[in-house]
Amino acid sequence: MSSLSEKNKRFYSWNSAEYWKAVELRRIVLRFPLGKNYVQEDFDAEENELFFGCFSDHEHCLSSISAKKLDATTWKMRQFVVHPSFQKCGIGKEMVTFYEFEARTKGINKIEFHARKTAVKFYQKLGYHLEGEEFLEVGIPHFKMKKTL
Ligand SMILES: CC(C)(COP(=O)(O)OP(=O)(O)OC[C@H]1O[C@@H](n2cnc3c(N)ncnc32)[C@H](O)[C@@H]1OP(=O)(O)O)[C@@H](O)C(=O)NCCC(=O)NCCS
């Protein structure tokens with residue numbers, strides 16, 4: 001799969017059916033390989049975030065990202081995941097483009113986040129810059145990255 005129709009990329013709400021499908025994907029890709037899982041407090045803490053998903057025609061979650069508003073013009077990108085069967089097919093790039101478009105329409109001009117070291121090159125290709133030194137988060141190396149839109 002190299003490209004997805006616009007209708008499959010959309011916002012979804014916290015605690016919706018789509019939210020829990022995305023959580024399952026997040027568990028499989030972001031947590032289980034580290035021997036970790038989410039706890040209820042993790043879900044409670046993201047109640048006020050914005051959620052962006054990409055869903056197949058059969059409503060399987062193929063990708064998800066969330067946005068935590070840090071101030072009037074800044075979003076923190078969180079929990080970005082693409083289904084393992086569809087990684088390196090262009091979905092991640094499409095999702096970031098969608099995310100940045102929606103950010104701009106909401107008056108956001110800065111995006112920052114903690115990137116896994118293994119994904120840094122992906123973000124650099126999309127114009128994100130490293131800031132500061134490597135640090136550990138969920139037990140693995142991360143870097144702070146940012147981009148001014
Ligand atoms: C990282 C991730 C979100 C990227 O999404 P994706 O759909 O696989 O990426 P795309 O297919 O859109 O790739 C866009 C470009 O980045 C490259 N790329 C993708 N992942 C890469 C990686 N981990 N390292 C280096 N380059 C990468 C692709 O080869 C492609 O390059 P090209 O434009 O020169 O052809 C996805 O692979 C993923 O979910 N990985 C596991 C979880 C993870 O690391 N999440 C990010 C946490 S910060």
Side-chain angles (χ1 to χ4, degrees), residues 1-12 14 16-39 41-43 45-71 74-104 108-149:
M1 186 180 298
S2 59
S3 126
L4 290 156
S5 59
E6 281 302 319
K7 70 178 169 58
N8 289 334
K9 291 197 293 295
R10 59 179 189 256
F11 291 104
Y12 63 88
W14 181 80
S16 61
E18 291 137 306
Y19 174 82
W20 293 109
K21 285 181 186 181
V23 165
E24 284 315 304
L25 181 61
R26 289 163 48 182
R27 282 189 216 280
I28 290 165
V29 179
L30 298 176
R31 286 292 179 272
F32 291 165
L34 305 180
K36 297 179 189 296
N37 201 346
Y38 296 104
V39 294
E41 287 71 23
D42 295 318
F43 306 130
E46 56 190 32
E47 180 172 1
N48 295 318
E49 294 182 13
L50 287 174
F51 298 93
F52 303 75
C54 179
F55 296 88
S56 72
D57 292 340
H58 295 98
E59 287 299 308
H60 295 299
C61 184
L62 304 180
S63 180
S64 177
I65 324 184
S66 62
K68 179 175 184 170
K69 195 167 187 173
L70 297 183
D71 60 45
T74 312
W75 273 357
K76 180 175 182 178
M77 190 193 288
R78 296 191 63 249
Q79 299 290 310
F80 186 19
V81 62
V82 173
H83 190 292
S85 302
F86 299 101
Q87 289 175 9
K88 304 273 177 82
C89 296
I91 293 178
K93 188 174 172 180
E94 284 190 35
M95 287 292 282
V96 172
T97 303
F98 174 50
Y99 190 92
E100 291 176 356
F101 176 82
E102 294 298 336
R104 282 191 195 92
I108 301 298
N109 61 22
K110 198 168 72 180
I111 293 176
E112 59 181 60
F113 55 96
H114 297 170
R116 291 182 177 206
K117 188 176 184 178
T118 50
V120 162
K121 284 193 170 61
F122 164 77
Y123 293 115
Q124 285 176 323
K125 284 188 173 183
L126 295 171
Y128 288 82
H129 301 286
L130 290 172
E131 190 178 82
E133 302 298 316
E134 181 179 316
F135 58 93
L136 286 183
E137 194 171 277
V138 288
I140 55 172
H142 279 73
F143 286 91
K144 186 169 180 180
M145 297 192 84
K146 58 167 51 174
K147 180 177 180 178
T148 302
L149 300 178

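Numbering starts at 1 and runs along the sequence shown. Both ligands and their constituent atoms are indexed starting at 1 by order of listing. Just the heavy atoms: all of them, side chains too, but no hydrogens, waters or symmetry mates, feed the values below.
Side-chain atoms of Phe80 and Val96, non-hydrogen and from C-beta on, do get closer than 4.5 Å to each other. No side-chain heavy atom of Glu94 sits less than 4.5 Å from a side-chain heavy atom of Ile91. Using a 4.5 Å heavy-atom threshold, the side chains of Val29 and Gln87 count as touching. Put simply, the side chain of Val138 reaches to within 4.5 Å of the side chain of Arg31, judged on heavy atoms. Between Glu24 and Cys61 the shortest side-chain heavy-atom distance does not fall below 4.5 Å.
Going from atom OG of Ser66 over to atom OH of Tyr12 covers 7.0 Å, rounded to the nearest 0.5 Å. One distance of note links CD of Glu46 with OH of Tyr19; it measures 3.5 Å at 0.5 Å rounding. Between Thr97 atom OG1 and Glu102 atom CD the span is 12.0 Å, to the nearest 0.5 Å. With values rounded to the nearest 0.5 angstrom, Leu62 atom CG is found 9.0 Å from Ser85 atom OG.
Residue Val120 does not touch ligand 1, judged by heavy-atom distances below 4.0 Å. In Cys89, the part holding a heavy atom less than 4.0 Å from any atom of ligand 1 is the backbone. Residue contacts with ligand 1, taken as heavy atom pairs separated by less than 4.0 Å, involve Lys125 solely via side-chain atoms from C-beta onward.
Which parts of ligand 1 touch Ile91 is read off a 4.0 Å heavy-atom cut-off, strictly below it: atoms 7 (O), 12 (O). Near Gly90, meaning under 4.0 Å from one of its heavy atoms, ligand 1 places the atoms 10 (P), 11 (O), 12 (O). Atoms of ligand 1 found under 4.0 Å from any heavy atom of Val29, numbered from 1 in the order shown, are 41 (C), 42 (C). For ligand 1, the atoms sitting less than 4.0 Å from at least one non-hydrogen atom of Lys93 are 12 (O), numbered in the order shown with element in parentheses. For ligand 1, the atoms sitting less than 4.0 Å from at least one non-hydrogen atom of Val81 are 39 (O), numbered in the order shown with element in parentheses.
When only non-hydrogen protein atoms are considered, atom 1 (C) of ligand 1 lies nearest to Ala119 CB, 4.1 Å. Remark: minimum distance from atom 22 (C) of ligand 1 to any protein heavy atom is reached at Thr118 O, 3.7 Å. Atom 9 (O) of ligand 1 has its closest protein heavy atom at Phe122 CE1, 3.4 Å. When only non-hydrogen protein atoms are considered, atom 7 (O) of ligand 1 lies nearest to Gly92 N, 2.7 Å. Residue, atom and distance of the protein heavy atom nearest to atom 45 (N) of ligand 1 are Phe80 O, 3.0 Å. Looking only at heavy atoms of the protein, atom 6 (P) of ligand 1 is closest to Lys88 N, 3.6 Å. Protein heavy atom in closest approach to atom 38 (C) of ligand 1: Gln87 NE2, 3.5 Å.
Note that atom 41 (C) of ligand 1 has protein non-hydrogen atoms nearby, at separations under 4.0 angstrom. Under the 4.0 Å distance rule, the nearest protein heavy atom to atom 35 (O) of ligand 1 falls outside the cut-off.
Within the 4.0 Å heavy-atom shell around ligand 1 one finds Tyr123.
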Under 3.5 Å donor-acceptor pairs involving side-chain atoms of residues 141-149, not counting sequence neighbours:
from: His142; atom 1: ND1; to: Ile140; atom 2: O; distance (Å): 2.9
from: Lys146; atom 1: NZ; to: Glu131; atom 2: OE2; distance (Å): 3.0
from: Lys147; atom 1: NZ; to: Glu100; atom 2: OE1; distance (Å): 3.3
from: Lys147; atom 1: NZ; to: Glu100; atom 2: OE2; distance (Å): 3.0
from: Lys147; atom 1: NZ; to: Leu126; atom 2: O; distance (Å): 2.6

Under 3.5 Å, side-chain donor or acceptor atoms of residues 111-124 against the rest of the protein: list the pairs with distances, not counting sequence neighbours.
from: His114; atom 1: ND1; to: Glu137; atom 2: OE1; distance (Å): 2.6
from: Arg116; atom 1: NH2; to: Leu30; atom 2: O; distance (Å): 2.9
from: Lys117; atom 1: NZ; to: Glu134; atom 2: OE1; distance (Å): 3.2

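No close placement of the Phe11 and Phe51 rings is indicated, their centers lying 6.0 Å or farther apart.
For Gln79 and Tyr38, the side-chain atoms include at least one donor-acceptor pair closer than 3.5 Å.
At least one N/O-N/O distance between Val82 and ligand 1 falls below 3.5 Å. Ligand 1 has no nitrogen or oxygen under 3.5 angstrom from a nitrogen or oxygen of Phe86. Note: no N/O pair closer than 3.5 Å links Lys121 and ligand 1 by distance alone.
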